[in-house]
Amino acid sequence: MSEHDPRDLVVIALAGVQRYITESRSTADLRAASQIVARLAAEAVAYLARQHGAEMVFPAPGEQKGREGEDDTDDGIPNRVVARLPAGTGPTAARKTTDRLNSVWEGWMEDVFGTAQFQVPGWPVVQWVSVPAGSGSYEQAWSQAQRALAERKNTRNFHQPGDTPGDLCMLSPRWRAVDGESLPRDIPKHLRREQLSVANWVKRMWHRTSVGSHESFPSTNAIASLPYRHAVLTLWDTTSGINGLVRELRRAADALGADPIGETRTPGLPRTPTGTEANWLRGRGSRWIFPESWHVDALSREFTDTADEAEAKRADPEFVEAVRSGGKAAQALVELMGDQGVPAPSPHLAVLVQDLDSMGRHLSGSAPGRDGSYLDPARGHTVHTEVSARLGRTAARQRRAVEKAGGVVVYAGGDDLLALVPAAFALEATRACRETNDPGLPTASNGLLFFHHGSSLRQALAGAHELLEEAKELRNKNGLGVGFVRSSGSHARCVLPWEEEPQDGVPAPAGSPVDALELFVTNAHHPRARLSPRLLPDLLGERVHLDGGGEQVQGNFEALPYRVARAEMRRLVHRHTSLVPLPTSDRQGGDPAAENDDTGPAERDRKARKVFSDEATTALERMAPDRRLVDEGAVRVALFLRQEAH
């Protein structure tokens with residue numbers, strides 16, 4: 001610390017944040033939980049500065065505002081606050097700030113329930129440490145604070161509040177659900193069946209609090225269907241029949257009754273055309289464009305409150321006819337768009353998480369940034385303030401990158417990111433977010449999980465974070481863990497380095513394994529090429545000859561020589577490669593690819609098929625670790641992307 005301005009160093013951290021955020025059933029829950037955490041952190045910053053004269057280190061002064069002045073406190077404030085306070089005031093300020101945060105939370109509970117509630121055990125969990133002035137230089141104080149905070153995290157508070165028998169919360173079973181007589185006031189009818197704890201009711205009814213956002217958040221089906229709806233709106237005025245089919249979809253959806261699922265307009269869609277049908281498609285139409293949404297049994301349960309009412313709906317001819325009519329219109333729209341070269345809507349979207357590698361070591365000066373530079377905490381607290389400012393600017397760029405790809409940000413702090421992105425643009429958004437990182441910051445690792453829009457959001461969030469942890473287990477971190485979960489439950493994953501470590505005497509291969517994976521995104525590379533799922537069993541059947549089959553294979557099998565094995569793999573990939581027919585418009589107006597090619601259509605298709613199969617063989621080899629040719633997880637992920645990322 002400075003001798004002429006001795007100050008205590010205080011670190012205040014909110015514990016259990018990731019758990020509270022991921023324990024969400026809907027995207028609205030997810031967004032509300034993120035805002036709750038950000039508001040608590042912002043309150044800590046404001047209280048320390050206003051009441052105790054704190055000099056902020058994390059977040060940097062003014063970081064609550066984006067570069068253009070927009071308010072980013074909803075998703076841009078870190079869950080750890082670092083401040084310098086007048087000598088001797090640190091412990092008192094930290095204790096009072098903790099009391100202040102608990103009081104703020106109690107006020108939000110009262111806003112939701114209309115009456116005071118008991119403090120929720122285990123939320124919020126505020127942990128703090130204070131290093132007194134005179135403990136040495138700022139560098140020494142910082143190191144001491146980090147050790148103390150790590151020790152504090154290992155200290156558990158065993159206070160056990162009184163408990164009464166009752167159902168457990170469906171999202172957080174460590175807490176009891178609120179009984180039916182104590183539910184929040186005036187909640188919608190369809191929410192009365194929810195068994196939620198007090199903490200999760202605040203999350204669900206966040207918009208009712210004094211600071212809660214009233215803006216809705218796009219649902220998973222809205223995000224998944226965005227590329228398809230974008231194409232529909234783009235072709236609206238030039239393709240006959242689109243308007244009428246969307247009108248029929250809206251009519252059928254309205255005939256089902258009052259939709260219990262609220263929806264908002266999805267960002268990233270064209271503003272034109274205008275009109276009732278087009279505006280409906282931008283908002284409530286997001287889930288009705290999927291033909292599989294029109295299922296009598298599922299909708300009869302969704303649009304009723306009891307089993308008897310659902311049974312009556314299934315026997316109602318008007319209800320059944322509305323469902324069938326909607327399903328036919330959705331399928332007809334898929335076929336019409338297919339004639340224009342637009343694939344059916346993918347039912348999948350992706351959870352994207354990102355975290356900077358070795359950030360703690362970087363702040364202590366022992367790990368470099370991407371540009372090779374090291375921090376020097378001996379210069380004082382301004383070094384960390386500069387890092388905080390870099391993180392704030394990075395977070396603003398990350399938000400713009402995600403939104404450009406059609407996704408939505410749940411939170412972005414610069415050092416970590418959580419976003420939901422359409423499947424077609426998920427890898428593109430992941431790369432774009434990495435490229436926004438300040439060169440002075442460390443490398444970043446990512447987790448990317450594709451999941452069905454009707455699947456459990458909570459499981460998808462947990463899976464994405466598991467992939468992130470696996471990516472960080474690579475030798476140099478800086479990796480991408482990518483996987484998928486289908487609605488059937490089938491799943492696969494693989495972990496790829498963004499940059500491979502160079503080997504002595506071996507030329508560095510062009511691109512990276514992640515570059516190879518991107519080949520299989522249909523809208524970015526070879527849009528007509530398809531890979532049959534039967535490729536996987538054929539490759540696995542030949543794996544013992546292609547590369548020995550891995551350690552799990554028992555028996556005396558000899559792998560083929562590399563060139564022979566690779567030729568056999570290329571043959572199998574080519575065998576399972578096909579091309580979808582050209583869109584009707586191209587068949588009638590001429591194939592754009594043929595403008596400078598005087599060969600016939602059959603020869604052009606043969607060449608295109610060979611080019612893709614050759615590139616796919618090379619890509620699959622690049623994605624297999626340990627100088628092997630076949631990695632089952634990587635092949636499964638590649639096939640999924642080619643089938644669903646459109």
Side-chain angles (χ1 to χ4, degrees), residues 8-23 33-34 36-45 47-48 54 56-59 77-85 90-102 104-105 119-132 135 138-161 172 174-175 199 353 355-367 377 381 384 387-388 391 411 413-416 418 442 445 447 461-462 465-466 468-469 472-473 477:
D8 295 349
L9 182 65
V10 170
V11 181
I12 299 177
L14 291 171
V17 165
Q18 182 176 309
R19 185 179 187 183
Y20 183 65
I21 292 177
T22 56
E23 289 175 339
S34 175
I36 288 170
V37 172
R39 288 290 174 178
L40 286 172
E43 182 65 33
V45 171
Y47 187 77
L48 282 169
M56 300 309 304
V57 179
F58 275 96
I77 299 296
N79 62 335
R80 181 175 298 187
V81 173
V82 182
R84 299 172 70 240
L85 291 106
T92 299
R95 280 194 295 268
K96 288 187 175 181
T97 301
T98 300
D99 293 340
R100 172 62 180 172
L101 296 187
N102 286 327
V104 167
W105 171 254
Q119 189 71 33
V120 177
W123 182 259
V125 178
V126 185
Q127 299 173 338
W128 62 268
V129 297
S130 178
V131 179
S135 298
Y138 174 79
E139 182 179 18
Q140 293 170 324
W142 173 265
S143 178
Q144 185 176 341
Q146 299 312 301
R147 290 195 302 270
L149 188 61
E151 294 170 356
R152 175 62 184 85
K153 287 183 177 180
N154 289 327
T155 304
R156 296 291 183 264
N157 185 345
F158 292 101
H159 172 68
Q160 181 62 48
S172 308
R174 64 187 183 278
W175 295 322
V353 291
D355 188 64
L356 294 184
D357 299 322
S358 305
M359 191 60 183
R361 293 179 56 231
H362 178 68
L363 291 172
S364 67
S366 59
H381 70 279
H384 287 163
V387 172
S388 181
L391 292 173
Y411 63 76
D415 57 339
D416 56 358
L418 172 60
S445 292
L461 294 167
H465 280 97
E466 290 173 4
L468 175 62
E469 293 303 316
K472 284 182 170 290
E473 290 174 2
K477 300 185 178 181

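A donor-acceptor pair under 3.5 Å is absent between the side-chain atoms of Ser143 and the main chain of Gln140, judged by distance alone.
Between Tyr411 atom OH and Gln18 atom CD the span is 5.5 Å, to the nearest 0.5 Å. Atom-to-atom distance recorded for Leu468:CG and Leu418:CG is 10.5 Å, nearest 0.5 angstrom. Atom CD in Glu151 sits 11.5 Å away from atom CD in Gln146 (nearest 0.5 Å). A distance of 4.5 Å separates CZ of Arg95 from OG1 of Thr92, quoted to the nearest 0.5 Å. Here the CG-CD distance, from Asn102 to Gln119, works out to 4.5 Å after rounding to the nearest 0.5 Å. From Leu356, atom CG reaches atom CG of Asp416 across 8.0 Å, with rounding to the nearest 0.5 Å.
Here the shortest heavy-atom pairing between Leu40 and Pro124 reads CD1-CB, 4.0 Å. Heavy-atom minimum distance, Pro377 versus Leu363: CG-O, 3.6 Å. When all heavy atoms are compared, the tightest approach of Ala199 to Trp123 is CB-CD1, 4.4 Å. Minimum interatomic distance between Ala145 and Val11 (heavy atoms only, all atoms of both residues): CB-CG2, 4.1 Å. Looking at every heavy atom in both residues, Ala41 comes nearest to Leu14 through N-CD1, 4.2 Å. Taking all atoms of both residues into account, the shortest heavy-atom contact from Leu48 to Ala83 is CD1-CB, 4.3 Å.
For the ring-ring contact (aromatic ring centres under 6.0 Å, His included) test, residues two or more places apart in sequence or in another chain that qualify with His384 are Tyr138, Trp142.
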Take Met359 and Val387, measure what side-chain contact (heavy atoms from CB on, under 4.5 Å) needs, and give me the verdict at the end. CA-CA 11 Å; Met359 191 60 183; Val387 172; 3.7 Å; yes

Show the numbers, then the answer: is there a side-chain contact (heavy atoms from CB on, under 4.5 Å) between Val120 and Trp175? CA-CA 8 Å; Val120 177; Trp175 295 322; 3.6 Å; yes

Mind running side-chain contact (heavy atoms from CB on, under 4.5 Å) on Asp355 and Val353 for me, showing each step along the way? CA-CA 7 Å; Asp355 188 64; Val353 291; over 6 Å; no

I would like to know whether Leu391 and Phe58 meet side-chain contact (heavy atoms from CB on, under 4.5 Å); could you show each step before the answer? CA-CA 10 Å; Leu391 292 173; Phe58 275 96; 4.0 Å; yes

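Put simply, the side chain of Pro91 reaches to within 4.5 Å of the side chain of Ser130, judged on heavy atoms.
Remark: Lys96 NZ is loosely packed, at most 12 non-hydrogen atoms of other residues, nucleotides or ligands lying under 6.0 Å away.
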